[in-house]
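Take a look at the following structure, please.
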2 protein chains.
Amino acid sequence: MARSEIEKILLAKGVKATPQRVVIADYLMHTESHPTADEILEATSNKLPVALSRATVYNTLNTLVEAGVIQEVFTDPGATRYDANITDHHHFVDVKSGKIMDIPKDLVPVLQEKLGEKYKVHSYKVTFYGEMKD
Amino acid sequence: MARSEIEKILLAKGVKATPQRVVIADYLMHTESHPTADEILEATSNKLPVALSRATVYNTLNTLVEAGVIQEVFTDPGATRYDANITDHHHFVDVKSGKIMDIPKDLVPVLQEKLGEKYKVHSYKVTFYGEMKD
DNA sequence: GTCTGCTATTAGACTAAGTCTAAACCGGGA
DNA sequence: TCCCGGTTTAGACTTAGTCTAATAGCAGAC
Ligand SMILES: [Mn+2]
Ligand SMILES: [Mn+2]
Ligand SMILES: [Zn+2]
Ligand SMILES: [Zn+2]
């Protein structure tokens with residue numbers, strides 16, 4: 001049986017490639033948007049021969065986050081968003097549409113370490129708010 | 001009747017200074033922490049002669065945010081946090097304790113506008129994650 | 001001082017994000 | 001084939017936040 005690219009990625013990260021996980025990872029890796037768990041459930045549930053439960057979506061997302069296959073994004077309250085772009089990057093939120101865009105790390109100057117001795121910074125995230133010119 | 005400092009601030013921002021609003025604003029202005037609505041309810045409910053309802057806490061917080069008396073802070077998922085520091089500042093999250101510290105704007109270099117023509121940035125927030133040296 | 005009307009507050013119902021539980025389901029190894 | 005640990009499932013449960021409908025309180029009108 002042909003082992004898909006997605007399956008290889010999951011196995012490489014030590015995650016068993018079940019159909020549910022493959023479908024969800026595949027969806028995330030082929031979208032630019034930063035969908036919520038609900039949007040992911042909506043988009044993938046019809047791609048499986050069996051019912052896909054909400055619990056499985058959350059189980060899968062948490063498993064993929066722990067395995068480093070995807071990232072969580074907290075740009076706004078209400079719901080966690082998920083991101084298959086696992087590079088260390090930032091986000092731009094279009095306040096009109098709510099759309100979230102990736103901002104590569106190297107477009108933002110290095111901030112580090114003017115905070116003083118008291119703070120040992122592991123990482124930092126920048127969230128930009130504004131409008132996309134169409 | 002002596003008009004408290006808090007009452008003056010509320011009136012100056014066009015908000016009627018009810019006892020509930022005064023108690024909640026007073027609590028926020030005298031704490032360094034960035035409490036959730038639940039923590040605010042817990043801390044203030046015993047400071048009033050009447051019962052304080054959850055709905056009133058949320059109503060009040062939303063009113064104070066709209067009036068510009070306080071700010072919402074979204075550092076982590078789960079619950080919105082509230083901040084009487086209304087200056088444009090950033091936050092440091094101690095990953096051990098969960099404690100959130102203010103980082104004044106001028107400790108962070110200006111990031112603006114290397115994002116390109118497509119993005120019109122209104123504002124940005126930096127969230128640092130790390131450990132406080134004790 | 002009383003009346004009146006608007007605003008704020010209240011308890012509790014409701015919604016929505018996320019977790020937990022207990023049972024059924026699978027698939028790889030013996 | 002049988003067994004066993006991990007996975008999935010439906011649905012109960014928890015928690016943050018909003019909504020509703022009724023009550024309370026207060027500012028101005030008289
Ligand atoms: Mn999570
Ligand atoms: Mn809000
Ligand atoms: Zn992203
Ligand atoms: Zn702050």
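Letters go in sequence order (proteins before strands), and every chain restarts at 1. Atoms considered below: every heavy atom in the structure, side chains included; atoms not considered: hydrogens, waters and symmetry mates. These numbers come from a predicted model, not from an experiment.
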Between D/dT8 (P) and A/Leu41 (CG): distance, integer Å =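 Between P of D/dT8 and CG of A/Leu41: 14 Å.
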Examine B/Lys105 relative to B/Tyr124 and say whether NZ or CZ is less than 6.0 Å from the centre of the six-membered ring and inside a 45° cone about the ring axis.
->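 Verdict for B/Tyr124: a cation-pi partner in B/Lys105.
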Nearest-angstrom distance from the residue atom CZ of B/Phe74 to P of D/dA16 =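 Between P of D/dA16 and CZ of B/Phe74: 15 Å.
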With a 4.5 Å heavy-atom cut-off, do B/Ile103 and B/His89 have their side chains touching?
->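 Result no, sub-4.5 Å side-chain heavy-atom pair not found.
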Does atom NZ of A/Lys47 have more than 12 heavy-atom neighbours from other groups under 6.0 Å away?
->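 It does: A/Lys47 NZ has more than 12 such atoms within range.
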Go through B/Asn62 and B/Glu72 one step at a time and tell me if the side-chain contact (heavy atoms from CB on, under 4.5 Å) criterion holds.
-> CA-CA 9 Å; B/Asn62 289 333; B/Glu72 292 177 318; 4.2 Å; yes
Parallel, tilted or perpendicular for A/His34 and A/His91, by the 30°/60° rule?
->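 Perpendicular.
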Quick one: B/Glu72 CD to D/dT18 C1', roughly how many Å, whole number?
->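 Taking CD of B/Glu72 and C1' of D/dT18, I get 14 Å after rounding.
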What are the atom names and distances for every N/O pair under 3.5 Å that joins the protein to nucleotides 8-17 of chain C?
| residue | atom | partner | partner atom | Å |
| --- | --- | --- | --- | --- |
| C/dA8 | OP1 | B/Arg21 | NH2 | 3.3 |
| C/dT9 | OP1 | B/Thr18 | OG1 | 2.6 |
| C/dT9 | OP1 | B/Gln20 | OE1 | 3.1 |
| C/dT9 | O3' | B/Gln20 | NE2 | 3.2 |
| C/dT10 | OP1 | B/Ala51 | O | 2.0 |
| C/dT10 | OP2 | B/Ser53 | N | 3.3 |
| C/dT10 | OP2 | B/Thr56 | OG1 | 2.6 |
| C/dA17 | O3' | A/Gly78 | O | 3.4 |

